[in-house]
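Notes for the one structure printed next.
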Amino acid sequence: MLTCEICGEEIMLEEDMKTHLLISHLENDMHCPLCSLSGVSYNELCFHISSAHPEHTASSDCSAGTNTGGIERGKPQTSQSCSIGCSSAAAGEATSSGSSSVSKDSLQPEHNHGFMLTPDRRALTHVETVPITSTTLSSKTKPECVRSWSDADAGTISEHNKAKQKRLSSPEKEKLFSCPMCALVCSSCFILQEHVELHLQEQCSAEGSGLEVFSSAVTSPSASSLSGEKRFECPMCSVNCSSSFSLQEHVELHLDAGAASPGSDLKLARKLQQEEEQRRREEESQQEREEFKKLQRQFGLDGSGGYRRQMEKTMEKDVARGRMAPAEFHCKRAEMMESLASGVDDYRTRTQGLVRALYEYYQTECRDCVHVWLSTDTDHFSSSAGDKGWGCGYRNLQMLLSSLHRIETYDPFLQEKEVPSIPQVQCMIEEAWKRGLDPQGASHFNQKLQGTRAWIGATEIYSLFTSLGISARIIDFHKPTGPGDTHPRLFDWVKEYFCQSSRSSRLPPRLIQTSLPPLYLQHQGHSRTVVGLEQKKNGSLCLLLFDPGSSPSDTRKLLSRDNISRAIRHIRKFPSSLKQKQFQVVAVQGVLSTEDKQISILNSRTLRAERIP
């Protein structure tokens, strides 16, 4: 039993199998050599040629009359369709006439892969067929097969309706096939296929090694599936392309789209420049904000709280570290709240009688001094836990106010009979700003000092005294006047200040305690109070300074006769010890009348200091 590998039909004899292959499979692939008609049987094709192409009937008869196996091999063919059609027509005429049999060449298998109706019929080379051992058909089998096939075709033709006869009798309208890779138009799909293959071969030859990969993939499909196809990614939009040529064309589309706008490069450059400038401005503004925050923290304007808040935090830390009992914390906090409510300092850091102790010391000791000048009696105020790091200006002001309370000229102008606390001093300065004094300084502090840790300087001291009706001067030693960045002119001016109380023709005594208030001395980052001046035998001058940074325990050593000779070294300052670039001095010089006070308020709108030199 034989089985057709194309359709699976089972046939007993080998001759019947050949007939089955010829009728069922080979003849179903008939094509008209003169137009695009296909998919008809041999009789239908003959009828179509005789009716639709009568002018070619004579050439067909000539090819059939040769009786050489039904195949015309010497005639050149221009396409596969023409070769197949002519061969099929010649074979059909030879079979219907009965004068010859099917030739050996027409049914010989090509390497057991398929039948070839003609040697040039490539369309049938890939049809899988059953291997045939016999190369020729017997003379008995040939006419039987031809006759049975002719009878079947005759029956088929009789069953066609008139519509199909009309279609076969009319010539097919030729179809045109356009090449998808160029502008060529082909009349046959087979010609178009060969033309497209030429395009692909040119591309493969240009790719070089890619052709070998493609050939190996065709010959070995399993290898291509294992290795995987190489992809090319677009660097501009991440699209994957199958070849380098496709990638190049794709990228050129991007470039062409960018080149369509003539000013695209200029716009891009301007955009990049604007982004760079915007980034630079943002960085500069960020740096300015950070520096401003540092300055706010440095000068106590960062909103972290004032004297009261700092004092509470310090006591809370002492309680947490075991340095203070909770009961003591509540007791001190209550005393602090009472002091703040009254506006008077609690005097916990005050030291009295220091100027009197210095006067007694110079009477019996320090014989190397030719002259010594002392201010009126002044209390020393040290910085406390509530103002440590920022309260030196307030503490020096408290020293000045303590001395003014002891001078009859100034005491009536002081609102408080006691030394005010730091929050109360802040409130007094704010009141001076509200009266129009130093509007520039007020704007610097945003019109607010209470509840802050803001530093104050010479201008704030001047504004407070002017608001109280006390005349004050600001002397600015804006640059060094001696070798080594020293300020000898500052020391000379202080000497002139203290000498004004004893201007006579007689020689001044060695020790003089004047009725003058002390001087407020300001430099960058700190301030102190000048309470006296020494003049040595060699003519050098030495300032006596009260520093609010000194602790009460160190300051009280000046009250001890045993320790004063060592403690006085801390308050002596020679020119070599004061090398700051700039110093400002605030000196009280009397009281103001109502008119002078208004003039001073108006002049403070553009506050100017006396510059030396």
Side-chain angles (χ1 to χ4, degrees), residues 345-384 387-388 391-392 394-407 419 490-491 494-495 497-499 501-502 507-521 523 526-579 583 585:
D345 191 77
D346 57 6
Y347 298 125
R348 289 182 177 275
T349 62
R350 182 179 67 170
T351 304
Q352 293 179 310
L354 295 177
V355 177
R356 186 64 184 175
L358 291 175
Y359 183 82
E360 294 176 357
Y361 169 77
Y362 285 112
Q363 279 183 334
T364 58
E365 303 292 338
C366 197
R367 294 299 180 179
D368 61 337
C369 295
V370 178
H371 297 287
V372 178
W373 290 272
L374 297 176
S375 69
T376 187
D377 196 11
T378 304
D379 297 338
H380 181 273
F381 286 84
S382 300
S383 297
S384 65
D387 61 283
K388 186 177 181 180
C392 59
Y394 300 98
R395 294 301 182 179
N396 286 304
L397 178 58
Q398 287 178 335
M399 296 182 197
L400 287 173
L401 292 174
S402 68
S403 67
L404 293 178
H405 276 294
R406 293 179 172 93
I407 303 174
V419 177
L490 169 63
F491 286 75
V494 173
K495 180 181 177 181
Y497 173 76
F498 284 110
C499 288
S501 62
S502 59
L507 291 174
R510 175 178 170 273
L511 178 60
I512 301 174
Q513 184 175 8
T514 67
S515 59
L516 298 174
L519 299 172
Y520 176 89
L521 180 65
H523 59 83
H526 194 43
S527 61
R528 283 168 279 192
T529 300
V530 181
V531 295
L533 179 71
E534 293 180 354
Q535 184 176 4
K536 302 295 184 179
K537 291 181 179 180
N538 58 3
S540 62
L541 301 176
C542 176
L543 298 179
L544 301 177
L545 303 179
F546 281 178
D547 190 345
S550 299
S551 64
S553 60
D554 292 338
T555 305
R556 292 188 180 112
K557 291 180 181 180
L558 294 172
L559 303 176
S560 174
R561 291 180 179 271
D562 299 332
N563 299 324
I564 188 172
S565 59
R566 293 190 300 270
I568 200 172
R569 299 175 185 175
H570 298 290
I571 67 173
R572 283 175 176 162
K573 299 298 177 183
F574 291 92
S576 59
S577 302
L578 300 176
K579 292 186 177 181
F583 287 93
V585 174

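Contact between Leu541 and Phe491 at its shortest, heavy atoms only, is CD1-O, 3.6 Å. The two atoms that bring Asp379 and Gly353 nearest to each other are OD1-N, 4.4 Å, heavy atoms only. In this structure, Ser515 and Ile407 approach most closely via the heavy-atom pair O-CD1, 3.4 Å. Scanning all heavy atoms of the two residues, the minimum distance from Leu374 to Val355 falls at CD1-O, 4.1 Å. Annotation for Tyr497 and Pro517: closest pair OH-O, 2.8 Å, computed over non-hydrogen atoms. Residues Arg367 and Gln363 share a closest heavy-atom pair of NH2-O, 3.3 Å.
No salt bridge links Arg356 with Asp377; every basic N to acidic carboxylate O contact stays at or beyond 4.0 Å. Looking at Asp387 and Arg395, a side-chain N of the basic residue comes within less than 4.0 Å of a carboxylate O on the acidic one, giving a salt bridge.
When the shell of 6.0 Å around NZ of Lys536 is examined, it contains more than 12 heavy atoms from other residues, nucleotides or ligands.
Remark: Leu533 CG to Arg572 CZ distance equals 12.0 Å, nearest 0.5 Å. Atom-to-atom distance recorded for Ser384:OG and Asp345:CG is 7.5 Å, nearest 0.5 angstrom. The structure places CZ of Arg528 at 6.5 Å from CG of Leu521, a figure rounded to the nearest 0.5 Å. With rounding to the nearest 0.5 Å, the separation of CG in Leu516 from OG in Ser403 is 10.0 Å. Separating the OH atom in Tyr359 from the CG atom in Leu511 is a distance of 5.0 Å, to the nearest 0.5 Å. Here Leu400 contributes atom CG and Tyr520 contributes atom OH; the two are 8.5 Å apart, rounded to the nearest 0.5 Å.
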Going by atom type alone, with no hydrogens or angles, which donor-acceptor pairs under 3.5 Å involve a side-chain atom of residues 553-568 and a protein atom two or more places apart or on another chain?
from: Ser553; atom 1: OG; to: Ser551; atom 2: OG; distance (Å): 3.1
from: Asp554; atom 1: OD2; to: Ser551; atom 2: OG; distance (Å): 3.1
from: Thr555; atom 1: OG1; to: Ser551; atom 2: O; distance (Å): 2.9
from: Ser560; atom 1: OG; to: Asp562; atom 2: N; distance (Å): 3.4
from: Asn563; atom 1: OD1; to: Arg566; atom 2: NH2; distance (Å): 2.7

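Using the six-membered ring where Trp is involved, Phe381 and Tyr347 have ring planes that are tilted, between 30° and 60° apart.
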Margin query: For Val531 and Leu354: C-alpha separation, side-chain torsions, deciding distance, then whether side-chain contact (heavy atoms from CB on, under 4.5 Å) applies.
Written below: CA-CA 10 Å; Val531 295; Leu354 295 177; over 6 Å; no
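Panel note: side chain Ser382, backbone His380; no donor-acceptor pair is recorded below 3.5 Å. Tyr362 places no side-chain N or O within donor-acceptor distance of the main-chain N or O of Arg510, the cut-off being under 3.5 Å.
One side chain, His526 or Asp547, offers a donor N or O that lies under 3.5 Å from an acceptor on the other.
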